[in-house]
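Atoms within a ligand are numbered from 1 in the order they appear, just like the ligands themselves. The first residue of the sequence shown is numbered 1, and numbering continues consecutively from there. Since the model is a prediction, treat every value here as computed from it, not as a measurement.
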Amino acid sequence: LTTDAYVFVTSPAVGGELDLTRLRGYALADAHARFRRARGEDVLFTLAFDSFAAEPAPGGGQDGHEWAAERCVELRRRLDELGFSFDWDRALLTSDPNVYRWSQWLFVTLLEADLAYQRGDGWYLRNGRFHEENDRRVGDVEGWDDSVRAAQRALLHRIDGFDFDAKALDGTTLSVFTGHPDAIADAEFVGLSARLPELDAWLEDTEVRRRVEELRARDWNDTPIEQMPVVEIGMSVQVPSVAQPLPIVVSPAIDVRFGPAAILGIPSADPVDKTLAKRLPKTGGLAWKVESKPPKTTSAVRYLTDDMPLSSAGTFGPPLPVVGCERCGAVPVPLEQLPVESPIAGAASETVCPRCDGPASRAAETIHPRLGAAWLELALATPPAERAGAMFDSQELVRRLATSQTVLGPAEDKALLDMRTIAKALRDLGPLAFLVDGEPHGPALSHGPLAFDDRSVAALLDEHGADALRFALLFAAAPGKPYSGGADAVRQAGVFLDGLEEFARPRIHDGFADACIDGEDGLRRRLAGWCDTAIARVTENIERLELHRATRNVMELLDRIRDYEQRVEHHRGELTGLDRDASDAALLTLLLLLAPLAPALAGDLWRRAGLRGTVQEAEWPRIQRHAAA
Ligand SMILES: [Zn+2]
C-alpha cells in the first residue's frame, strides 16, 4: 500500500542568488523527501519560482515571463548541482499566465463574496472572520514545531475583553470593545481605528476625511503613542451609564493596540487612554439623558493582525482584475475574461467597463505578492495539465493535502498564516470543502538563518563540493537554531565524506549486496547491534527533521565499523570471510542512511559496487533485531 506524501517548501526569488539560509531549508526538506520515498511513499516534492520578485530591465524586448523563465534555468542548475530531488515536471513559475490567472480569480471571487474591500491605499481581505478559527487551530494541528505555533499566535495577537453595542448620534449601532467592563462609567471617548470599515460613512467633512486618509497612508508601528495623532471626527456615541455623549476619535494608537476596532477610552483604567485623552479638547458638562444601567457586554476577543493586502500599487505583478468606471465605480473583470495580461504589469491603461461598456480605466495596480504566494501550496499540488482550467478542483488536492511536511524559512510565518487564511476562504467558498479544518499544512518546521562566515554558495561549492555543503547545512546546528559559525562545519563535513569514500572504495566489490552479518561471533553481533541502533536513530531523526542528529549518527556508524575491524584484527590477526561480510553489510547500511544526506557520494559508491538500480530507488534499511553484545 502506497501512502501519498507532500513535502512543501517556499519559493526562491527569480533574479536573485540562492542564499545559504534558503538552501538550508531545501536540504532539510530534500533529506526528508528522499527518506519518505525510500520508505515506499509516493512523495510530491516540487518548487514554485517567485518570478515576480524581480523585473526585467525596460527595453529588453522580452516579456516578464520569458525573462523569468531564462533566469530560472540558472536557479535550477544550482539546485540540481546540490542534488535536490525536486520534481521539475510539477514545478511552476508565478509569472505563468495559467498560474497567476488564479490569483486574479481569487481576487474577483473574494470581492464577489464580500471578503475583499477597498480603503484609502488599496484592496484588503476581510481576514477578521478567520482570526478566531486560525487562533483556535494553532493548538490543534499536529506536528507543528513549538516555534511555528508561537509565531502564529504572535501574528494573530489575541486580546481578550468585552463587546457592547453603543448608539452613534446618527442612529448607527457601533460595536465597541473594552478590556475594562467595570469602568465603563468613567469612559471619556470612543477610539476608532482608521481602518474600521464603518468609519467611511461618518467622514463627511473634507478636512476630517483628508486627515483620516493621512493616518491610513502611513505605517505608525514605530511611532511612540504620545506622538500619534488623534483626530476628532465630529460624531458622538451614547454609551449606557456614561453621563454625556462620547466623542469619536480616530487614532493609529487604536490600530497598533487592537487592530481595526472601536474601543472605549477609559483614562482611569488604561494609561494609553489617559495619554490620548489629554490631547482631546475638554467638552463642557452638557448633561445627557443617562441610562444608568451599564451596557450588556458579551465576552469578546480582538486580534491585532492587519488585514491582508490584496493589491499593490505599481509593482511588478499580475494586473489587478478590476476596472474603474465613471458610472459603475470599481468593477471586477468577469471570471471568464481572466487572465488579464498586460505587456507591462502595473501600467495604467484605458479599457471598457465589463458592466456598462462605457469608458473605463485600469489603475496601475497589481495583485499583491502576499496574495500571489498565499495559495502556492495548492498550485504545486495541482498537476500542470489541470492548472489552466481547474486549479482548485483537482483530485490531487484531495489526495495531497494537508502537507506531510512543510519547511519554512526564518521570516515566513506570515506566509503560513496567509496560506491558512486563504485555504479557509476557499473552503467556505466551496473548492476546498474537503479540507474540513481549513488547514493546508500538516507538520511544519521553521528553520533559523544560516551563514558560513561570509562565504558565498558558489565559493563553498567550488572549494568543498555539493555533498559537503549539503551535509554541512544539516550538520551545523539544530534546524530551529540560527547558525553563524565559520565554514569549519563545511570543512568537517568534507573531511568525513572524503574519509568515508576512502574507507569504502577498496571494500566495495561485486556481491556486496548479498553481504549479511553472521551473528555467531560476539564482535559481529556487536556490529549488527550498532547498525540497528544507527537505523533506529537516523529513522527517528529524519522523521522529526532533526537532521543535525542524523548526520552525527551516520558519522558515528562509520566510526563503529572502523572500530569493529580494528578489534577483529586485534583478536584474530586478520578479518575472516564472515568478518568481511559483516563489515560489507554494515557499510551497505551506512550508504543507505547516507543517501538522503549526501546523495551524490552515496549514489557513486552504490554504482561502483555494481548494486542493483540506484541508491535512491533502494528501500530504507530495516532493523534486523540483532542483540547487541
Ligand atoms: Zn460601467
Side-chain angles (χ1 to χ4, degrees), residues 52 63-64 95 97-129 172 194-206 208-210 212-214 216-217 260 307-372 374-375 388-392 422 425-426 428-431:
F52 286 120
D63 81 12
S95 56
N98 285 334
V99 173
Y100 73 66
R101 72 169 286 196
W102 295 100
S103 290
Q104 296 175 333
W105 181 94
L106 254 172
F107 177 84
V108 173
T109 305
L110 292 168
L111 187 59
E112 285 175 347
D114 197 29
L115 280 169
Y117 71 95
Q118 196 172 18
R119 69 178 194 229
D121 55 344
W123 293 85
Y124 289 83
L125 180 71
R126 287 188 210 282
N127 322 11
R129 62 182 274 191
T172 333
R195 297 176 295 141
L196 195 73
E198 288 96 320
L199 177 59
D200 275 279
W202 290 321
L203 297 180
E204 279 165 6
D205 185 283
T206 34
V208 171
R209 178 175 286 276
R210 191 189 60 76
V212 170
E213 292 293 349
E214 274 177 13
R216 287 172 173 167
D307 283 348
M308 176 181 158
L310 301 176
S311 69
S312 170
T315 55
F316 183 47
L320 196 73
V322 62
V323 301
C325 168
E326 279 173 30
R327 221 180 306 167
C328 318
V331 181
V333 175
L335 293 175
E336 62 275 12
Q337 287 177 23
L338 300 178
V340 177
E341 294 184 55
S342 163
I344 308 152
S349 58
E350 295 308 307
T351 181
V352 171
C353 171
R355 199 170 289 161
C356 74
D357 286 332
S361 60
R362 187 170 290 130
E365 278 181 295
T366 49
I367 294 283
H368 198 281
R370 275 177 66 185
L371 177 61
W375 58 279
M391 183 68 87
F392 301 121
I422 290 297
L426 281 169
D428 295 351
L429 293 166

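For the pair R126 and D307, the salt-bridge criterion is not met [side-chain N within less than 4.0 Å of a carboxylate O].
Checked by atom type and distance alone, the side chain of N127 pairs as donor or acceptor with a backbone atom of M308 at under 3.5 Å. Under a 3.5 Å cut-off, the side chain of R362 and the backbone N or O of S349 do not form any donor-acceptor pair.
V99 meets the side chain to side chain contact (heavy atoms under 4.5 Å, CB included) test with L92, D96, W375; sequence neighbours excluded. By the side chain to side chain contact (heavy atoms under 4.5 Å, CB included) test, E214 is found to be paired with R210, residues two or more places apart in sequence or in another chain being considered. In this structure, the side chain to side chain contact (heavy atoms under 4.5 Å, CB included) partners of P309, at least two apart in sequence or on a different chain, are Y124, H368, R370.
Less than 2.8 Å away from the Zn ion (ligand 1), the protein contributes these N/O/S atoms: C325 SG, C328 SG, C353 SG, C356 SG.
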